[in-house]
Amino acid sequence: MTELRIVRAISDAGSLTAAATALGYSQPAVSQQIKRLEHRLGVPVVERVGRRMRLTEAGRVIARHAAAVATAIDAASGELAQLAGLRAGTVRMVGFPSASPTVLPRLMDRLASAEPGLTLTYVEAEPPEAIADVRADRADIALTFGYPGDRSDPHGDNARGLDAELIGHDELLAVLPAHHRAARGRGPIDIAPLAGESWIAGCPRCRGHLLEVCGRAGFVPSIRFETDNFVAVEQLVAQGIGVATLPGLAVASFPLLPGVVTRPLPSSERRAIHAVSAGGAGRVPAVASVLGHLRSVVAGLTGGTAREN
């Protein structure tokens with residue numbers, strides 16, 4: 001297992017010295033592990049090029065399979081731990097920004113009560129990067145989203161070979177000044193009457209979906225400002241600078257500002273929320289436990305139905 005991690009680190013870092021630094025090992029210790037691996041396999045794993053040591057073709061083959069092998073070993077260890085009734089260890093999770101102030105605190109609270117032996121680490125990242133982290137074994141679970149009609153949906157080819165489970169839907173909201181004519185009422189609104197407005201766009205994926213939504217309604221939005229900051233979007237709307245769309249979790253992450261009203265768009269525009277993990281990772285008790293609690297938290301926030309373990 002250590003040898004696989006070393007080979008993978010050499011692949012990622014580009015040299016044996018850089019891999020030793022990244023892993024916190026001494027260079028002689030890394031060299032000794034590589035020699036043992038080469039002796040066992042009967043082929044060279046690294047080669048010297050100039051003053052650097054890099055992977056051979058055999059080494060690159062091992063590096064490509066290292067993440068899958070590590071997951072399989074973790075799964076086997078997990079099943080053995082499950083026989084002993086253990087749910088412990090560290091689970092590495094990556095999630096999109098609007099999940100950080102909404103999903104994450106509730107998930108951490110549930111885990112602290114139900115799984116005191118389990119440690120969760122968390123890094124914020126957009127869906128494509130989060131899925132890449134799972135594939136590269138830098139994360140165990142990626143909490144991601146995708147919009148309907150998204151031609152660059154990260155759950156397509158990017159997630160091939162991974163387990164991508166749909167765990168909820170997050171409604172899309174029109175964010176309007178309180179005095180706006182479309183702000184009256186409670187039900188879903190048609191976006192077409194907003195064609196003449198100035199627009200405030202969000203993150204790149206949200207901006208892309210805004211263009212898709214408006215395109216289906218027959219117009220191209222006049223985008224005046226772009227910002228990833230949810231509060232800034234609401235502030236601009238409150239000042240009458242323009243209108244916007246935001247996902248429900250983004251709006252739920254802080255109190256709605258005075259002078260701002262939200263109206264839901266049709267349910268067909270909801271974004272789908274997925275939990276992505278490596279194939280077989282769900283057999284690891286710690287990962288399975290986090291996935292189960294994650295389903296419940298997302299269901300509670302989005303009005304869906306959780307599927308328990």
Side-chain angles (χ1 to χ4, degrees), residues 95-105 123-130 143-154 168-273 301-303:
F96 54 88
S98 59
S100 301
T102 52
V103 175
L104 182 62
V123 176
E124 196 172 273
E126 293 293 338
E129 292 73 28
L143 182 62
T144 62
F145 67 84
Y147 282 108
D150 186 353
R151 285 169 286 192
S152 60
D153 187 350
H169 286 92
D170 189 18
E171 67 178 349
L172 190 65
L173 303 172
V175 186
L176 309 163
H179 58 76
H180 196 283
R181 64 188 183 281
R184 294 187 291 273
R186 292 183 176 275
I189 66 169
D190 181 7
I191 204 170
L194 303 178
E197 303 287 346
S198 294
W199 286 84
I200 302 150
C203 72
R205 302 196 72 79
C206 298
R207 181 184 185 278
H209 185 59
L210 173 63
L211 294 173
E212 292 276 350
V213 172
C214 295
R216 288 195 292 273
F219 70 95
V220 176
S222 174
I223 297 176
R224 189 171 176 186
F225 292 98
E226 295 184 39
T227 175
D228 290 347
N229 188 314
F230 307 139
V231 179
V233 171
E234 286 198 17
Q235 289 280 11
L236 291 168
V237 171
Q239 295 299 318
I241 304 295
V243 299
T245 62
L246 283 176
L249 286 178
V251 173
S253 65
F254 54 88
L256 199 64
L257 295 179
V260 175
V261 171
T262 63
R263 293 282 306 278
L265 293 181
S267 60
S268 58
E269 302 300 344
R270 298 178 303 172
R271 64 178 183 174
I273 300 176
L301 286 167
T302 63

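Along the sequence shown, residues are numbered consecutively beginning with 1.
- Residue pairs that meet the salt bridge (charged side-chain N to carboxylate O under 4.0 Å, His left out) test with at least one member in residues 173-183, sequence neighbours left out, are Arg181-Glu197.
- Residue Val175 comes nearest to Val237 through the heavy atom pair O-CG1, 3.8 Å, listed as atom of the first residue, atom of the second, then distance.
- Remark: Leu210 engages Trp199, Ala201, Cys214, Pro221, Ile223, Thr245 in a side-chain contact (heavy atoms from CB on, under 4.5 Å) (not counting sequence neighbours).
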Item to check | Verdict with reasoning, Thr302 to Arg271, per side-chain contact (heavy atoms from CB on, under 4.5 Å) | outcome: CA-CA 11 Å; Thr302 63; Arg271 64 178 183 174; over 6 Å; no
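- The aromatic rings of Phe96 and Phe145 lie perpendicular to each other, with more than 60° between the two planes, well past the 30° mark.
- Here the closest heavy-atom approach between residue Ala183 and residue Ala178 is recorded as CB-O, 3.7 Å.
- Contact of the Arg224 side chain with the Leu236 side chain is not registered, since no non-hydrogen atoms from C-beta on lie closer than 4.5 Å.
- Between Cys206 and Tyr147, some side-chain heavy-atom pair lies under the 4.5 Å cut-off.
- For Phe230, there are no ring-ring contact (aromatic ring centres under 6.0 Å, His included) partners two or more places apart in sequence or in a different chain.
- Scanning both residues, Ile200 and Ala244, for their nearest heavy atoms gives O-CB, 3.4 Å.
- Ser268 is linked by a side-chain hydrogen bond (donor to acceptor under 3.5 Å, both in side chains) to nothing, counting only residues two or more places apart in sequence or in another chain.
- In plain terms, the two heavy atoms of Glu124 and Ser100 that are nearest each other are OE1-OG, 2.6 Å.
- No side-chain heavy atom of Pro101 sits less than 4.5 Å from a side-chain heavy atom of Leu249.
- Applying the salt bridge (charged side-chain N to carboxylate O under 4.0 Å, His left out) test to pairs two or more places apart or on separate chains, those with a residue in residues 206-217 are Arg151-Glu212, Arg207-Glu226, Glu212-Arg216, Arg216-Glu269.
- In this structure, Ser222 has no side-chain contact (heavy atoms from CB on, under 4.5 Å) partners at least two apart in sequence or on a different chain.
- Not counting sequence neighbours, Val123 has no partner by the side-chain contact (heavy atoms from CB on, under 4.5 Å) test.
- Residues passing the salt bridge (Lys or Arg N to Asp or Glu O under 4.0 Å) test with Arg205 are Asp150, sequence neighbours excluded.
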Could you tabulate the donor-acceptor pairs under 3.5 Å formed by side-chain atoms of residues 258-266, not counting sequence neighbours?
| unit_1 | atom_1 | unit_2 | atom_2 | d |
| --- | --- | --- | --- | --- |
| Arg263 | NE | Gly187 | O | 3.0 |
| Arg263 | NH1 | Ala182 | O | 2.7 |
| Arg263 | NH1 | Arg184 | O | 2.4 |
| Arg263 | NH2 | Gly187 | O | 2.7 |

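- The side-chain contact (heavy atoms from CB on, under 4.5 Å) test applied to Ala195 returns Phe219, not counting sequence neighbours.
- Here Gln239 pairs with nothing under the side-chain hydrogen bond (donor to acceptor under 3.5 Å, both in side chains) rule; sequence neighbours left out.
- Contacts classified as side-chain hydrogen bond (donor to acceptor under 3.5 Å, both in side chains) and involving residues 227-237 (residues at least two apart or in different chains) are not found.
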